[in-house]
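Convention: sequence-line order gives letters A, B, ...; per-chain numbering from 1.
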There are 2 protein chains.
Amino acid sequence: MSKPYQRTAHALAELLERSEPGEVLPSEPRLAEQLGVSRATLREAMSALEDRGRIVRRQGVGTYVPPTIIEAGLEELISIETMAARVGLEVEMGDSEILHRNSDPEEAQLLGVDQVIEISRVILAEGETVAYLVDTIGKGMIPEAVLAKEFHGSVLDLLLERGEPALEYSKSEISAVFAEGRIADRLEVPAGSVLLRFEASLFTKDGQVVDRSQGYFLPGTFKFHVVRRVGRGLSATA
Amino acid sequence: MSKPYQRTAHALAELLERSEPGEVLPSEPRLAEQLGVSRATLREAMSALEDRGRIVRRQGVGTYVPPTIIEAGLEELISIETMAARVGLEVEMGDSEILHRNSDPEEAQLLGVDQVIEISRVILAEGETVAYLVDTIGKGMIPEAVLAKEFHGSVLDLLLERGEPALEYSKSEISAVFAEGRIADRLEVPAGSVLLRFEASLFTKDGQVVDRSQGYFLPGTFKFHVVRRVGRGLSATA
DNA sequence: TACGGCGTGTTGTCTGACAATTGACCCGGC
DNA sequence: GCCGGGTCAATTGTCAGACAACACGCCGTA
């Protein structure tokens with residue numbers, strides 16, 4: 001059902017899971033035969049993995065797994081809950097509040113609706129409050145029955161599981177702020193504490209914004225990494 | 001001199017600069033002919049651009065520029081200076097200090113040398129101090145004559161221009177901290193101000209760390225964005 | 001010992017073809 | 001007039017085979 005190059009990319013990803021850093025992969029003709037695809041399709045899949053730094057290809061030498069492990073960073077769009085689960089951290093949702101209200105002009109333009117649902121809650125890791133999250137989502141994007149029943153802390157996971165609307169990416173702005181007012185209260189920290197703040201818009205494949213979220217994180221528990229790669233002639237200003 | 005697919009990717013990037021969102025690109029055979037490469041090479045270059053969300057390919061339809069513009073974010077490894085130049089901001093280097101010293105055990109292990117050069121300086125944008133940067137680089141990575149003559153604020157730009165060693169990516173940890181001590185002094189802000197901090201290791205293509213840098217940014221002038229994409233079958237856990 | 005050519009294996013690129021998919025067009029039936 | 005289905009052209013996806021460029025070890029030679 002799925003495209004050959006998707007199956008191939010997935011098969012390669014699994015192969016990499018079982019590989020040691022520094023290990024050399026079979027040659028392209030051999031791998032293509034093993035996976036039952038042509039070399040062209042194999043290379044298409046490899047390009048994607050190379051772009052994410054999972055493999056290194058060197059002409060005349062071969063393809064190998066990079067010696068340094070690139071931990072999963074912010075590039076992949078996953079929820080706090082999923083992030084935590086991957087590192088074996090226990091998280092739960094604290095007090096939550098679901099508010100229906102009219103959208104302000106900015107939200108109306110961005111989300112394309114005049115009524116929004118605002119979902120705010122704190123996140124606890126190992127019993128300690130670590131984050132305060134606020135999602136603003138257009139009314140009707142999620143049936144309220146679903147929201148009431150299946151929401152366990154992550155709007156993102158809810159949307160991803162439903163698959164409707166189909167999400168593509170989010171764009172976040174990162175900043176540092178002081179804790180104050182409601183946010184300080186919810187996080188149970190004194191006003192004036194330092195917080196890391198993410199303000200993100202969640203886009204569908206059509207370029208539509210479905211959710212606008214703000215996250216305030218206490219330092220310590222979560223480490224946010226970002227991998228920055230040198231362009232390979234991809235930027236016009238070179 | 002450079003590889004065909006690099007030239008192709010660069011040419012495509014320039015083409016995209018001149019394109020409107022929603023615009024449909026010429027078909028692959030036509031584009032390949034225009035750029036003077038085979039369709040295989042063209043597709044290799046397109047894969048990279050598709051992976052970064054710059055183009056969308058749909059079988060039976062064509063290739064087009066996505067309706068939403070993804071501004072350049074943190075994914076690309078560029079210096080503050082380059083970032084500023086792209087948005088038309090005037091930046092300059094303030095007081096700088098170059099210190100030769102023995103490396104502490106952690107640095108020795110990471111950088112693989114026992115002597116390091118520590119370069120610290122403040123960055124000014126439009127006359128205002130906006131950042132304080134500290135690079136710790138292994139002695140011998142850059143000839144000192146070059147460092148003295150060609151350093152104008154960015155170690156990264158210096159390394160990229162020299163092309164030796166060949167850089168591949170950096171991994172940064174993002175956090176929020178209070179300004180204090182030397183850092184507050186240099187930035188000319190009261191102790192206790194809130195700063196955004198990036199702590200990065202700079203890797204070569206061989207996985208070697210050549211530079212460890214810390215950056216402290218005052219809020220306001222620079223906006224740091226990161227685009228997070230949903231996985232497309234590339235993670236083994238699916 | 002030092003050095004330079006040579007052979008082998010790998011990724012990079014080219015060529016040509018066919019498959020799968022999409023969207024538009026046309027035409028007939030109601 | 002409107003709707004439905006079939007056909008067709010255009011486009012990306014995939015395939016197969018070949019050659020080019022490159023890196024590295026091997027071996028013969030000075």
Side-chain angles (χ1 to χ4, degrees), chain A residues 1-12 15-16 19 22-67 166 205-206 232-234, chain B residues 1-12 15-16 19 22-67 163-166 168 204-207 232-234:
Chain A
M1 51 153 280
S2 68
K3 291 270 171 191
Y5 94 85
Q6 284 180 340
R7 290 198 312 268
T8 305
H10 186 65
L12 276 177
L15 176 60
L16 292 180
S19 303
E23 190 175 327
V24 178
L25 298 183
S27 71
E28 291 182 359
R30 219 181 312 273
L31 254 184
E33 190 186 6
Q34 285 180 23
L35 300 178
V37 296
S38 74
R39 219 186 125 201
T41 301
L42 173 65
R43 282 179 63 80
E44 178 89 13
M46 288 179 118
S47 292
L49 288 169
E50 183 185 29
D51 236 49
R52 311 198 175 193
R54 305 272 301 267
I55 59 175
V56 175
R57 294 192 282 184
R58 287 179 58 189
Q59 182 172 359
V61 181
T63 303
Y64 56 92
V65 184
K205 292 192 190 302
D206 307 320
R232 284 183 300 179
L234 296 190
Chain B
M1 51 152 279
S2 68
K3 291 271 172 191
Y5 96 87
Q6 284 180 339
R7 292 198 311 268
T8 306
H10 184 65
L12 277 177
L15 177 59
L16 291 181
S19 302
E23 189 175 329
V24 177
L25 298 183
S27 71
E28 292 182 358
R30 219 182 312 274
L31 254 184
E33 189 186 8
Q34 284 180 23
L35 300 177
V37 295
S38 73
R39 214 184 129 204
T41 301
L42 173 65
R43 281 180 63 81
E44 177 89 14
M46 289 180 118
S47 293
L49 288 169
E50 183 185 31
D51 240 48
R52 310 196 177 194
R54 305 271 301 268
I55 59 174
V56 175
R57 294 192 282 184
R58 286 178 56 189
Q59 184 172 358
V61 181
T63 304
Y64 57 92
V65 184
E164 174 63 33
E168 173 78 3
T204 67
K205 292 192 190 302
D206 308 319
R232 281 183 300 182
L234 295 190

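Position along DNA chain C of the nearest nucleotide to A:Arg57 versus A:Gly60 favours A:Gly60 as the more 5'-ward residue. Two residues, A:Glu44 and A:Val61, neighbour DNA chain D, and the one matched to the more 5' nucleotide by heavy-atom proximity is A:Glu44. Comparing B:Pro29 and A:Leu42 along DNA chain D, the residue whose closest nucleotide (by nearest heavy atom) sits nearer the 5' end is B:Pro29.
B:Pro66 approaches B:Arg54 most closely through the heavy-atom pair CD-O, 3.0 Å. The two residues B:Tyr5 and B:Ala45 make their nearest non-hydrogen contact at O-CB, 3.9 Å.
In this structure, CE of A:Met46 is placed 12 Å from P of C:dT10, rounded to the nearest angstrom. Atom C1' of nucleotide D:dA16 and atom CD of A:Glu33 are separated by 13 Å, given to the nearest angstrom. The CD-P distance, from B:Glu50 to D:dT11, rounds to 18 Å in whole Å. Residue A:Leu25 contributes atom CG, which lies 9 Å from atom P of C:dT11 at whole-angstrom precision. The nearest whole Å value for the distance from the CD atom in A:Glu28 to the C1' atom in C:dG12 is 8 Å. Atom OH in B:Tyr64 sits roughly 12 Å away from atom P in C:dT22 (whole-Å rounding). When rounded to the nearest whole Å, the span between CD of B:Gln59 and P of C:dC18 equals 17 Å. Atom pair A:Arg39:CZ and D:dA16:P shows a separation of 13 Å (rounding to whole Å applied).
Taking only side-chain nitrogens and oxygens, A:Arg43 comes nearer than 4.0 Å to OP1 or OP2 of C:dG12. Neither OP1 nor OP2 of C:dT10 sits under 4.0 Å from any side-chain N or O of A:Thr63.
The side chain of A:Thr41 approaches D:dC15 more closely than any other nucleotide in the set D:dC15, D:dA18, D:dT12.
Counting atom types as modelled, A:Arg30 pairs no side-chain N or O with a base atom of C:dG9 as donor and acceptor under 3.5 Å. In the interface, the side chain of B:Arg58 is not paired with the base of D:dG13 through any donor and acceptor atom under 3.5 Å apart.
Crowding of B:Glu33 atom CD: a count of heavy atoms from other residues, nucleotides or ligands under 6.0 Å not exceeding 12.
Under 3.5 Å, the side chains of A:Glu28 and A:Thr63 contain no donor-acceptor pair of N or O atoms.
Using a 4.5 Å heavy-atom threshold, the side chains of B:Leu31 and B:Leu12 count as touching.
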